[in-house]
Undergrad: 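Please find one structure pasted underneath; my questions will follow.
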2 protein chains.
Amino acid sequence: MSRMSAAERRPALIEAGLRVIARAGISGASTRAIVAEAGMSLASFHYAFESREAFLDELTATVVVRETQAVLPLPEVDGDLRDVIEAGFLRYLEHLRADPAHEQAMLELTQHALREPERHPLAVAQYRRYADFAEEALTLAAERAGVSWRSPVSEVAGVLVAFSDGITLNWLVHRDDHAARAAARAAADALSRMADSQ
Amino acid sequence: MSRMSAAERRPALIEAGLRVIARAGISGASTRAIVAEAGMSLASFHYAFESREAFLDELTATVVVRETQAVLPLPEVDGDLRDVIEAGFLRYLEHLRADPAHEQAMLELTQHALREPERHPLAVAQYRRYADFAEEALTLAAERAGVSWRSPVSEVAGVLVAFSDGITLNWLVHRDDHAARAAARAAADALSRMADSQ
DNA sequence: ACGGAACTGGGACGGCCGTCCCAGTTCGTC
DNA sequence: GACGAACTGGGACGGCCGTCCCAGTTCCGT
């Protein structure tokens, strides 16, 4: 391996780690598998990261950012609030279909963080970021549709994240686009009814 | 360990395994941890099960049955369809709060099965069972409320399972009862609107 | 150009893993 | 009571794991 600073190595290892997790799961993401994917030697891993767990922590934090950005740009749809939200779900479903392993990896990272008490805050932070993103999107959607939310937007955003999660997991199990779209429709329906026309 | 037939040992090991998974996750459920929990010797495990994976397969299949039964009996609620469904969700939330580790274990088992292609059908079977149960409950609820489903019940059931999953995962992350109830309300709202009054 | 800091590769360590083996014990059956 | 089948405990196997060590190499500031 040509010479590389620890600062450059860290993101390279995280990219490699994400590919390994997508392919083989967290349990398959051994330090050896990760450095092999990155084409580095084992020592480089522990030179760049204190431990495997610290590595996974940083990977999780890093990757959530990209996760939300992948769904952007929000679809510009004419129609009422319900249609705008449904279009957002459908865009997410496209993203899911395009790279299922990535979403599966995110779910695994969440569960891994949920497992140990000291890592729980990491899962919370991950989901707070999802919710923030959802909140932003919902605010924008309500503005476009000229309505306002009856409940606090943060609450609506929480519901949106929950529904997205459930739809994701069920699609990963059944790979049933029709069922996923039906759920997306129902979810959009429920969410849009949490708003009043102004 | 006093003498025990392999036929008796299998359920005992599965009980122990479920406890270990709830406590330490699948990765913590080593053959040694499981037999320690069951108070057996290591050889007994491989006398009763061909391999650890075969054990996990049987555990998954066994435990899904109990999962659905834990939510029974369905609440007998007076009110329209929406109220009946919401009461069902709230009952499930109680179950979740009472034993979060169990639900977390179920999610882990699902993801573990999703990981490898030859085990994927196991996850599908698990979710088909959930859906069957949901279908039964939804049919009963519609009868009680005197309405009929506009879409096929199986489709509505799929949406219900997806929403439940999402609510579960988000509650496991945030432990936020208020948010979970808000999501349950929204979900009940969406589901009830998939029915027409007769 | 040289010295110290940054980085590299390879090998080693102890530990846990799933699985297997096998000599012993206990049981049901005749 | 004998005999074969069912079951048990303990130890062993090779393999992968995370982490560490260290002698060597490369870089950069002076």
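Side chains are part of it too, since the values below use all heavy atoms of this structure and drop only hydrogens, waters and symmetry mates. In what follows, chains carry the letters A, B, and so on, assigned in the order in which the sequence lines appear, proteins first and then strands, with residues in each chain numbered from 1.
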Undergrad: When you measure from the side-chain N and O atoms of A:Arg3 to the phosphate of C:dC7, is any distance below 4.0 Å, counting only OP1 and OP2?
TA: no
Undergrad: Near DNA chain D, which residues from residues 104-112 of chain A have a heavy atom under 4.0 Å away?
TA: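 Under 4.0 Å from DNA chain D: no residue of residues 104-112 of chain A.
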Undergrad: Map B:Leu42 and B:Ala7 onto DNA chain D by nearest heavy atom, then report which one ends up closer to the 5' terminus.
TA: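 Looking at DNA chain D, the more 5' nearest nucleotide goes with B:Ala7.
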Undergrad: Hey, does the side chain of B:Arg150 reach the backbone of B:Arg193 with a donor-acceptor pair shorter than 3.5 angstrom?
TA: yes
Undergrad: Report yes or no: do A:Val65 and A:Leu122 belong to one cluster of Ile/Leu/Val/Met/Phe/Trp/Tyr joined by side chain heavy-atom distances under 4.5 Å?
TA: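 Shared cluster, no.
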Undergrad: Classify the ring geometry between A:Phe163 and B:Phe163 as parallel (under 30°), tilted (30 to 60°) or perpendicular (over 60°).
TA: parallel
Undergrad: Please report the distance, rounded to the nearest Å, between NE2 in A:His46 and P in C:dC13.
TA: 17 Å
Undergrad: Apply side chain to side chain contact (heavy atoms under 4.5 Å, CB included) to residues B:Val173 and B:Asn170 and explain how you reach the verdict.
TA: CA-CA 5 Å; B:Val173 171; B:Asn170 275 263; 5.6 Å; no
Undergrad: Would you mind reading off the distance between A:Glu50 atom CD and D:dC20 atom P, rounded to a whole angstrom?
TA: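 Those two atoms, CD and P, are 8 Å apart.
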Undergrad: State whether A:Glu53 and A:Arg115 are salt-bridged, where the test is any N-O pair (Lys NZ or Arg NE/NH1/NH2 against Asp/Glu carboxylate O) under 4.0 Å.
TA: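 The answer is no: the pair does not qualify as a salt bridge.
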Undergrad: Rounded to whole angstrom units, what separation is found between the OH atom of B:Tyr47 and the P atom of C:dT25?
TA: 17 Å
Undergrad: Considering only NZ, NE, NH1 and NH2 on the basic side and carboxylate oxygens on the acidic side, decide whether A:Glu67 and A:Arg129 come within less than 4.0 Å.
TA: no
Undergrad: Just how far, in rounded Å, is C1' of D:dC7 from CZ of B:Arg10?
TA: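 In whole Å, D:dC7 C1' and B:Arg10 CZ are 15 Å from each other.
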Undergrad: What's the shortest heavy-atom distance between B:Ala29 and B:Val20, and which atoms?
TA: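 In terms of heavy atoms, the two residues are closest at CA-CG1, 3.7 Å.
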Undergrad: For the side chain of A:Ser44, counting heavy atoms from C-beta on, which of C:dG9, D:dG18, C:dC7 is nearest?
TA: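 Minimum distance to the A:Ser44 side chain belongs to C:dG9.
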Undergrad: Among pairs that include at least one residue of residues 130-139 of chain A, which meet side chain to side chain donor-acceptor pair (under 3.5 Å), considering only residues two or more places apart or in two chains?
TA: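 Applying side chain to side chain donor-acceptor pair (under 3.5 Å) to every pair that reaches into residues 130-139 of chain A, excluding sequence neighbours, yields A:Gln126-A:Tyr130.
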Undergrad: Kindly state which residues belonging to residues 28-41 of chain A come within less than 4.0 angstrom of DNA chain D, counting heavy atoms of the residue only, listed by number.
TA: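 Per residue number, the list reads A:Ser30, A:Thr31, A:Arg32.
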